[in-house]
Amino acid sequence: DSGVTQTPKHLITATGQRVTLRCSPRSGDLSVYWYQQSLDQGLQFLIQYYNGEERAKGNILERFSAQQFPDLHSELNLSSLELGDSALYFCASSALDRANNEQFFGPGTRLTVL
Amino acid sequence: SQKIEQNSEALNIQEGKTATLTCNYTNYSPAYLQWYRQDPGRGPVFLLLIRENEKEKRKERLKVTFDTTLKQSLFHITASQPADSATYLCALEDTGRRALTFGSGTRLQVQP
């Protein structure tokens, strides 16, 4: 158990809908990272927050947004969903605001868009 | 363009042998490299981090080498066990983006 929690575990929705994925980092970790993993794309970095501020951005679509709250939990919002958004979404946390330290991954949310 | 390459073909070895996985990269100048293990449907788990000046790092049955001239890292598991069967991912810092970029991973299958 990494100490990172993600809800829900599974999500099934329809095209055009909007969903919110939630992540709680390990106790004491200030950085939260979001990744998307699909079969054909591998693990893709989406966005990072550190202590409430956006710190790094990957190839995140404009339809996607995220935020980190004062209690350090984070939410990833996906809107106008398309079939291609079906994937595993992972949240990871780390203590520091830089990539050269280990990241602790949550169990993921499996999103299926029908 | 930047690229991280790991052998997409599964590596099948017999229990007790040494598994060697390769990570090659182009157009990166990483100061460090990380290796993660991922089991099906689960989140990656951090294994080792090696810095550019370390050349080799060990942790129990794991050994990682880092050759910045060849732009390659090798990941070894000695005395492999069926429980070592998983996908192994290497990751580099994406220069200027303060984020990790992961390779596509190599699936290791250890036969009893």
Side-chain angles (χ1 to χ4, degrees), chain A residues 1-7 9-10 21 23-26 29 31-50 53-60 66 87-112, chain B residues 1-10 21 23-25 28-54 57 59 62 64 66 68 73 86-107:
Chain A
D1 184 1
S2 67
V4 177
T5 60
Q6 289 187 248
T7 56
K9 196 172 175 63
H10 300 278
L21 313 183
C23 167
S24 291
R26 283 191 329 155
D29 282 357
S31 269
V32 168
Y33 307 79
W34 285 98
Y35 294 87
Q36 178 193 57
Q37 187 172 41
S38 55
L39 280 173
D40 58 342
Q41 289 288 324
L43 196 61
Q44 301 286 317
F45 167 70
L46 296 177
I47 198 164
Q48 180 219 350
Y49 282 82
Y50 178 80
E53 290 189 11
E54 182 185 305
R55 301 295 282 176
K57 216 166 184 175
N59 297 323
I60 186 168
L88 264 171
Y89 290 84
F90 288 107
C91 162
S93 74
S94 70
L96 304 174
D97 179 25
R98 55 180 189 261
N100 67 339
N101 66 121
E102 65 180 288
Q103 296 184 15
F104 296 86
F105 282 77
T109 293
R110 182 175 294 279
L111 173 66
T112 303
Chain B
S1 63
Q2 293 180 318
K3 201 186 298 185
I4 302 173
E5 291 181 328
Q6 294 185 257
N7 194 340
S8 58
E9 288 185 21
L21 286 68
C23 174
N24 295 299
Y25 57 91
Y28 283 94
S29 296
Y32 58 88
L33 183 146
Q34 300 186 33
W35 283 90
Y36 286 76
R37 168 187 172 138
Q38 187 174 26
D39 291 284
R42 308 191 70 164
V45 175
F46 172 81
L47 296 175
L48 280 167
L49 180 152
I50 185 167
R51 303 184 194 284
E52 62 179 339
N53 60 353
E54 289 185 307
K57 196 159 190 178
K59 179 182 174 183
L62 308 180
V64 172
F66 192 12
T68 55
S73 175
T87 296
Y88 292 86
L89 307 166
C90 69
L92 305 174
E93 183 183 19
D94 195 345
T95 308
R97 264 210 329 209
R98 305 158 59 91
L100 282 180
T101 299
F102 284 81
S104 55
T106 298
R107 190 162 63 88

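None of the values given here were measured: they were computed from a predicted structure. Below, read A as the first sequence line, B as the second, and so on, with proteins coming before strands; counting in each chain starts at 1.
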Report summary line: Smallest heavy-atom separation, B/F46 atom then A/Q103 atom, equals CB-O, 4.1 Å

Query - Pair B/Q38, B/Y36: side-chain N/O donor-acceptor within cut-off below 3.5 Å - result: no

Query raised in the report: Who are the salt bridge (Lys or Arg N to Asp or Glu O under 4.0 Å) partners of B/E54, not counting sequence neighbours?
Result: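 By the salt bridge (Lys or Arg N to Asp or Glu O under 4.0 Å) rule, B/E54 matches B/K57.
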
Query - Toward chain B, the part of A/Q37 with a non-hydrogen atom under 4.5 Å - result: side chain

Query raised in the report: Under a 4.5 Å heavy-atom cut-off, does chain B meet the side chain of A/F104, its backbone, both or neither?
Result: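 Neither part.
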
Report task. May I ask you to name which of B/S104, B/P44, B/G105 has the most heavy-atom pairs under 4.5 Å with chain A? Result -> B/P44

**Report entry** For A/T7, all residues meeting side-chain contact (heavy atoms from CB on, under 4.5 Å), sequence neighbours excluded
**Finding:** A/R22

